[in-house]
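Order of appearance sets the numbers: ligands from 1, and atoms from 1 within every ligand.
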Amino acid sequence: MNPFREDLAARSMAEPCTVVIFGATGDLTHRKLIPALYNLAVDGELPTGVKIVGFARREKSDEEFREGLAKVNAQVSRSGVDERVWGPFIENVHYHQSEFKDADGYQRLAERLDEIDSARGGKGNRLFYIASAPEFFDDILIELKNAGLNQAAEGCWSRVIVEKPFGTDLATARHLNEVVNATFEEKDTYRIDHYLGKETAQNLMVLRFANAIFEPLWNSKYISHIQITCAENLGMEGGRGGYYDTAGALRDMVQNHLLQLLSLVAMEPPTDLTADGVRDEKVKVIRSLRQWDTPEKVAANVVRAQYTAGHVDGNPVPGYREEDRVNPRSNTEAYVAVRLLIDTWRWSGVPFYIRMGKRLPKKSTEISVHFKDAPCVLFNTPGAGTPGGNTLVIRIQPDEGISLRMVSKIPGNNLRLEPVKMDFHYATSFGKASPEAYERLLLDAISGDATLFARRDEVEEAWKFIDHIERAWHASDNPPPMAEFIAGSWGPREADRLLAQDGNEWRRL
Ligand code: BG6
């Protein structure tokens, strides 16, 4: 459902479909996808007649699969478990066992989907969700095509959602795009980035383009710089180290989530709210990033770091290299800070700073827009205090909301100034929790709206930027150093120096 276009929502909501999830025994299916579909059912937003087929390699009966899902759903669903909803919901969930590269398994799937369609007496709409390990993405797409499942019957649709990681560099992303586009049309391809489904990320466009007061100031004349922080207190729990140590913070979070947030903050107003109208503007931002394409530029604008043993939430935690499934001699970053410049008329000379780290003091994602100081001519009275500039903070999570820092006079007979905050909290203003990102995104894909999904060119442009940095880091000759910070602190000193060169400092969260 396009959050900005009610007409589209009303038109397309009702179509029943079958959602086939590849990698159905995995964590994502259990912790995110099934709970999201269930929550949609609780809210009455899941179109009637939606069936779910879990596709995976392990032998399991429908019943065993359903039992496993019930256990996890009971722990993680935001709405608890309402048996009146869960009962009918889970009856529509089936399991299909097959290897990912087994033509026969896909033929059997095609037959099963036909049976489901005729039992439902409806159309053969299909949504294929590829949530397996990335090494199977190609096989799944090719086998879907061989079995003719990429083709929709007359009047129906067939779409694919591809989970991250979408490649590990530009070459692999291009290859995957070739395979996807040889199988499904681009308009039926949904590259998921769950940060775009977060409520406050969606609200960014509304904040900027539905309020007349921000946009006139949203440029280099009034903005000194912009920070995007994605802090996590977790490390490599739950066996994540195996994957993470091959990826690192830059590939895992910056290439996708943080550059997507950046493009929403920095984009020009789209001419319309169609999926391509919005994505045309977002991709221009990523294309306009100044490239850090020499080792010197990387050293001057990017900081990578690993954490050493420390304390998070009062508990002792190991250093990155001592984490489960991490190579003890690992050269992978668990923290990255990047200074970016966007070479457009609007943003000329405004630095954007992005940082992401594991084992920081708390989980928090926010964007802060730092406005230039007012000319201090009137209030530079000795003893008045330094007023500082205005800051607009957009809290993506937790405690979603928006606050504006202003300067006020402290009551009394003397002129003394102090910053104060105007604060908007979603939870108190709207009295209900925001839906999970996967709920919104699954519903969008079922409804045929790709606005909140990454387009091919966005993904490839982002990889171009990232590849230069990775190349410099992995150069045999004089690669930029790996900084260190103590787990539970706010990152390495080198990241502070990155901002200090422009006379700025990281916002304290
Ligand atoms: C994932 C990354 O895409 O996003 C993880 O692979 C990260 O490393 C996660 O922890 C963060 O998502 P969220 O929604 O918890 O901020």
Side-chain angles (χ1 to χ4, degrees), residues 23 26-33 35-36 39 75-76 78 129-134 137 161-168 173 190-204 228-262 264 304-307 312 317 320 323-326 330 332-336 354-367 394-400 426 433-442 452-454 459 462-463 466 487 509:
D27 211 42
L28 186 75
T29 305
H30 283 69
R31 299 198 154 266
K32 296 286 184 194
L33 305 184
N39 286 335
Q75 297 157 15
V76 302
R78 75 169 155 81
Y129 196 129
I130 306 186
S132 66
F137 287 7
I161 300 183
V162 187
E163 253 301 330
K164 68 176 280 257
F166 203 91
T168 52
Y190 293 70
R191 295 170 193 80
I192 202 159
D193 186 316
H194 77 281
Y195 266 59
L196 291 177
K198 290 185 189 281
E199 195 66 38
T200 324
Q202 295 169 48
N203 200 22
L204 258 168
I228 304 180
T229 298
C230 181
E232 294 189 42
N233 49 356
L234 290 181
M236 298 297 121
E237 292 85 346
R240 269 194 81 67
Y243 150 75
Y244 196 85
D245 204 36
T246 62
L250 190 69
R251 289 194 178 116
D252 182 51
M253 295 283 289
V254 178
Q255 184 273 338
N256 37 57
H257 309 324
L258 295 189
L259 289 185
Q260 284 290 334
L261 291 180
L262 173 90
L264 287 173
R304 57 174 171 164
Q306 292 178 340
Y307 48 85
V312 176
V317 294
Y320 178 68
E323 291 270 24
D324 183 26
R325 302 200 202 176
V326 170
S330 171
T332 300
E333 76 291 355
Y335 173 101
V336 64
I354 284 180
R355 63 179 159 164
M356 175 306 122
K358 302 277 183 193
R359 293 268 193 244
L360 297 180
K362 62 177 181 180
K363 182 165 174 71
S364 176
T365 304
E366 65 154 56
I367 298 167
I394 300 150
R395 293 187 302 273
I396 307 286
Q397 62 184 17
D399 181 25
E400 294 101 323
Y426 269 73
S434 302
E436 275 279 322
Y438 279 98
E439 294 174 34
R440 151 113 296 136
L441 295 174
L442 276 161
L452 299 176
F453 293 82
V459 171
W463 275 121
I466 298 297
L509 271 68

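If you check which protein heavy atom lies closest to atom 12 (O) of ligand 1, you get His194 NE2, 3.1 Å. For atom 5 (C) of ligand 1, the closest non-hydrogen atom on the protein side is Arg240 NH2, 3.3 Å. At the top of the distance list for atom 16 (O) of ligand 1, counting protein heavy atoms only, stands Tyr195 OH, 2.4 Å. Of the protein's non-hydrogen atoms, Lys363 NZ, 2.8 Å is the one closest to atom 15 (O) of ligand 1. For atom 7 (C) of ligand 1, the closest non-hydrogen atom of the protein is Glu232 OE2, 3.4 Å. For atom 8 (O) of ligand 1, the nearest non-hydrogen atom of the protein is Asp252 OD2, 2.6 Å.
Atoms of ligand 1 lying under 4.0 Å from at least one heavy atom of Lys198, given by number and element, are 13 (P), 14 (O), 16 (O). The distance from ligand 1 to the heavy atoms of His257 drops below 4.0 Å at these ligand atoms: 1 (C), 3 (O), 4 (O). Each of the following atoms of ligand 1 lies closer than 4.0 Å to a heavy atom of Lys358: 5 (C), 7 (C), 8 (O), 10 (O). Within ligand 1, counting atoms from 1 as listed, the ones closer than 4.0 Å to a heavy atom of Met253 are 2 (C), 4 (O), 7 (C). Distances below 4.0 Å separate heavy atoms of Lys164 from the following atoms of ligand 1: 1 (C), 2 (C), 3 (O), 6 (O).
Polar contact with ligand 1: absent for Tyr243 (N/O pair, distance under 3.5 Å). Residue contacts with ligand 1: Thr365 is placed with no nitrogen or oxygen under 3.5 Å of a nitrogen or oxygen of the ligand (distance criterion only).
Rounded to the nearest 0.5 angstrom, Leu441 CG and Ile161 CD1 are separated by 8.0 Å. Expressed to the nearest 0.5 Å, how far CZ of Arg440 lies from CG of Leu196 amounts to 12.0 Å.
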Step by step, would you call Leu261 with Tyr195 a side chain to side chain contact (heavy atoms under 4.5 Å, CB included)? CA-CA 8 Å; Leu261 291 180; Tyr195 266 59; 4.0 Å; yes
Working note: Tyr129 + Glu163, criterion side chain to side chain donor-acceptor pair (under 3.5 Å); need CA distance, chi angles, decisive distance, verdict. CA-CA 8 Å; Tyr129 196 129; Glu163 253 301 330; 2.7 Å; yes
Let's go through Asp324 and Met236 carefully: what are the C-alpha distance in whole Å and the side-chain angles of both, what is the deciding distance for side chain to side chain contact (heavy atoms under 4.5 Å, CB included) to 0.1 Å, and is it a yes or a no? CA-CA 7 Å; Asp324 183 26; Met236 298 297 121; 5.6 Å; no
Carefully, step by step, assess Asn39 and Tyr438 under the rule side chain to side chain donor-acceptor pair (under 3.5 Å). CA-CA 10 Å; Asn39 286 335; Tyr438 279 98; over 6 Å; no
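Side chains of Glu232 and Met356 form a contact here, defined as non-hydrogen atoms less than 4.5 Å apart.
The pair Arg359-Glu323 counts as a salt bridge, with a side-chain nitrogen and a carboxylate oxygen less than 4.0 angstrom apart. A salt bridge does not link Arg395 with Glu366: every distance from a Lys NZ or Arg NE/NH1/NH2 to an Asp or Glu carboxylate oxygen is 4.0 Å or more.
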